[in-house]
Amino acid sequence: MARGRFITIEGGEGCGKSTLLRGIAEKLKTAGIPAIMTREPGGTRLAEAARQLVLSPPDQQAWSPLGEALLMNAARSDHVDRLIEPTLQAGEWVLCDRFIDSTRVYQGLSGVSGALLQTLHDEITRHTQPDLTIVLDAPAEALISRRSSRGTSDVFESRPIEFHKQVRQAFLSIAEREPERCIVIDAQQPPSSLVSQALDVIHRKLVPA
Ligand code: TMP
């Protein structure tokens, strides 16, 4: 049986990742391609518990950047072992809202050493690398209003605009460094054209002719 394909979607908070994910999943289903949707941090019971701990710490205490990085990676290790890898091996596609690039960007910007993050990534994702990463891009200012209409805010969302501008640049530079894996899509277009642009890329890169 052919191994499933692994697609990750990355970008700043409020850029429309989950809408795009749902749109892609629907179209794949119509095309007869089985796919699951999942997210990071999260996706399994343990990883969802870690998500709660890291994004909404008790008594509003703050994790150290290293503590955050370790929790993100602990969650990922369970997610990869229990859900992502078995699903790919069963021939299904995995659509994941955030993955290793988010750790590179957010924990990297918080000051965790790139070498340490790389070591953790190599260990956890040795056999499980994304086939395609879609980076949804929009100016930080445009994402603020989308987030405020959602009404919720976690430890990362509530950081100042300068941080979110750096997040955007960091995702763009990963995409520039890894053009084979990454594609940047303008997040400010209507959801339907966003989905069709993503599907064009998926067909070109992942679906055998
Ligand atoms: P989301 O609901 O937009 O995906 O939010 C998850 C938050 O977690 C987001 O602010 C980015 C942050 N995050 C990291 O800092 N490191 C990571 O490795 C991941 C997956 C997410």
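Since the structure is predicted, the reported quantities are computational estimates derived from the model, not experimental observations. Note that ligands are numbered from 1 as they come in the structure, with each ligand's atoms numbered from 1 the same way. Note that the numbering runs from 1 along the sequence shown for the chain.
- When only non-hydrogen protein atoms are considered, atom 12 (C) of ligand 1 lies nearest to F156 CD1, 3.7 Å.
- Using modelled atom types and a 3.5 Å distance limit, the side chains of Q52 and S56 yield no donor-acceptor pair.
- For atom 1 (P) of ligand 1, the choice among M72, R98, R159, Q107 with the nearest heavy atom turns out to be R98.
- The nearest non-hydrogen atom to atom 8 (O) of ligand 1, considering only L55, T8, L117, comes from L55.
- Neither the backbone nor the side chain of H79 has any atom closer than 4.0 Å to an atom of ligand 1 (non-hydrogen atoms only).
- Neither side chain, R39 nor S18, offers a donor N or O lying under 3.5 Å from an acceptor on the other.
- Residue K17 touches ligand 1 through its side chain alone, judged by heavy-atom distances below 4.0 Å.
- Residues S102 and E10 have side chains that bring a donor and an acceptor to within less than 3.5 angstrom of each other.
- Between the side chains of E85 and Q89, at least one donor-acceptor pair of N or O atoms lies under 3.5 Å.
- For atom 9 (C) of ligand 1, the closest non-hydrogen atom of the protein is E13 OE2, 3.4 Å.
- Under 3.5 Å, the side chains of T87 and E92 contain no donor-acceptor pair of N or O atoms.
- Contacts between R76 and ligand 1, counted as non-hydrogen atom pairs separated by less than 4.0 Å, involve the side chain only.
- Residue, atom and distance of the protein heavy atom nearest to atom 19 (C) of ligand 1 are S102 CB, 3.6 Å.
- At the shortest separation from atom 2 (O) of ligand 1 among protein heavy atoms lies R51 NH2, 2.9 Å.
- Protein heavy atom in closest approach to atom 18 (O) of ligand 1: T103 OG1, 2.6 Å.
- Using a 3.5 Å distance cut-off with no hydrogens or angles, the side chains of R82 and T44 do not pair a donor with an acceptor.
- Taking the six-membered ring where the residue is Trp, F6 and F99 present perpendicular rings, their angle passing 60° and hence far from 30°.
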